[in-house]
Protein chains: 2
Amino acid sequence: MPRTTAETRKQPDTRITARLIGRIKSLISTGAVSPGSKFPPERELAKEFGANRASVRQALKVLEIMGVLSQHVGDGTYLSESAETILNEPIDFLVLLDDLSQHELFETRLMMEPELAARAAERATAEDLSTLRNAIFSMERSKTVRERLNADLAFHDAIFRASGNRICHLLFKSIHRTLLMSMSQLSDRVSLDRPLMFHRKIYDAIRGRNPEDARRCMQQHITDARDLLGKSHPSN
Amino acid sequence: MPRTTAETRKQPDTRITARLIGRIKSLISTGAVSPGSKFPPERELAKEFGANRASVRQALKVLEIMGVLSQHVGDGTYLSESAETILNEPIDFLVLLDDLSQHELFETRLMMEPELAARAAERATAEDLSTLRNAIFSMERSKTVRERLNADLAFHDAIFRASGNRICHLLFKSIHRTLLMSMSQLSDRVSLDRPLMFHRKIYDAIRGRNPEDARRCMQQHITDARDLLGKSHPSN
DNA sequence: TACGATTAATTGGTCCAGCCATAGTGAAGC
DNA sequence: GCTTCACTATGGCTGGACCAATTAATCGTA
């Protein structure tokens, strides 16, 4: 009976690391440290916060892994311009802990991405369209599986960016990253033609400012990809 | 645990804490530590990983803040049953760093939640319906602003749960938490009647297995809430 | 024997002090 | 003016120490 009792437990006082994270959060929200600028050195923060350097380092490490800040030996600690990778680790552990299946990830995509494609059709800039076009070219020219998956990712990424919603952008970047990492272990038997065809159709719909078409094509695309993956790897 | 070349390879970018997180991730994915069970003590992990205890603690602290595991003095470190709060901190910092406005959070809700409500109408169990009903009752009986916001959150939470998609469930729990935390600082002038009316309509649509109505009502609900908030707090 | 109190061992929380590796700085030397 | 090199600052990491909370073992008494 490995089942132990960890749930009925009181958490009396906030641990120092959590408090320090709060202090650092304050430094950011008050503008004492602005994006891209440098934090005070660890030894100084420790003195200022009245804590040990090891504790400060714990707090800073949490934020570094999340992508909130980056540390450089001999130089200093810098606040990130934006938290590009902030959802990567969490999504990874979500898959691990909650045993999220590929099916559930695909379902999330199916639920959200068509809507995002529709928004992209309304909002895409000339630059977005160019990025989309380049992603299609890259996919056509791709020689290795890895190249192809990267191009695939770039296409969807461009759509999320064009949708103008940063939360969804970051969320789906993480989800796609997780999915592609598992897909890259598959064979290369998965058809290249069909995804490419759908990408072209989606691109045409976005360029033609046709949200409904974009939505519908994206839906077909994801459904198709899911089915293809299901056939080539039925155990999952 | 066998040492791989990736771990012994000299890689200036990969600091020891990141590698340790990878090792811990392996412990989880291989089933060496299952959800709810206990990790080896820090001192033991340090010896096994060939690292200092302080470094191990940094890695563990990252995972604890993310909600992957929980640590208890005198007892031990336990792997979480599921990562309920794993997206909380990231979303918080997303708002801080990328300066995500309430508008963008509302837009995300507007993009996703109607679809989730539609799914809920298709999949909701009797238990889900009961939870929704109770949330409405709680909101009717609420006396303080805090009570009301909690009941509000519970209603939407029940919908996400009923939608059957855990990723969206966690994502929107985090978003709502962030939004409500900022809304709770508002006055209580915001109307209670209108959200409650929409909740009832959404509930009826879900109970009546009418996805289209659920989608439409949810859309109206969020739009309405956004506009109310905009009026009472125009600066944001 | 049964049960409460005491003691000991375990474990995470925190702190201290030190050394290393790297990056920036500025002086010295050409 | 340029390169070279020592110096300094900073993060990376280690070892050890002690504290506080929890659990398990032990003891004492009714």
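Computed over heavy atoms, backbone and side chain alike; hydrogens, waters and symmetry mates excluded. Below, chains carry the letters A, B, ... as their sequence lines are ordered, and counting in each starts from 1. If you're wondering where the values come from, they're calculated on a predicted model, not measured in any experiment.
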Side-chain donor/acceptor of A:Arg15 to base of C:dG12, under 3.5 Å: no
Base of C:dG13 paired with side chain of B:Arg53 (donor-acceptor, under 3.5 Å): yes
Atom-pair distance (CG on A:Leu20; C1' on C:dT14), nearest Å: 11 Å
Between B:Thr125 and B:Asp128: side-chain donor-acceptor atoms closer than 3.5 Å: yes
Short N-O contact, A:Glu64 and B:Arg15, less than 4.0 angstrom: no
Heavy-atom donor-acceptor pair, A:Thr131 side chain to A:Glu127 backbone, under 3.5 Å: yes
Of the listed nucleotides D:dT22, C:dC15, C:dG13, the one nearest the side chain of B:Val73: C:dG13
Below 4.0 Å: OP1/OP2 of C:dG12 and any side-chain N or O of B:Thr77: yes
Nearest listed nucleotide, side chain of A:Pro41, among D:dG11, C:dT14, C:dT11: D:dG11
Side-chain-base donor-acceptor pair under 3.5 Å for B:Arg57 and C:dG12: no
Below 4.0 Å: OP1/OP2 of D:dT14 and any side-chain N or O of B:Ser55: yes
A:Gln71 side chain near D:dT10 phosphate (N/O to OP1/OP2, under 4.0 Å): no
Sugar-phosphate, base or nothing in reach of B:Ile16, heavy atoms under 4.0 Å: sugar-phosphate
5′-ward residue of the pair B:Ala54/A:His72 relative to DNA chain D: A:His72
Base D:dG15 to side chain B:Asn52, donor-acceptor N/O within 3.5 Å cut-off: yes
Check: B:Glu104 side chain, A:Arg166 main-chain N or O, donor-acceptor pair, under 3.5 Å: yes
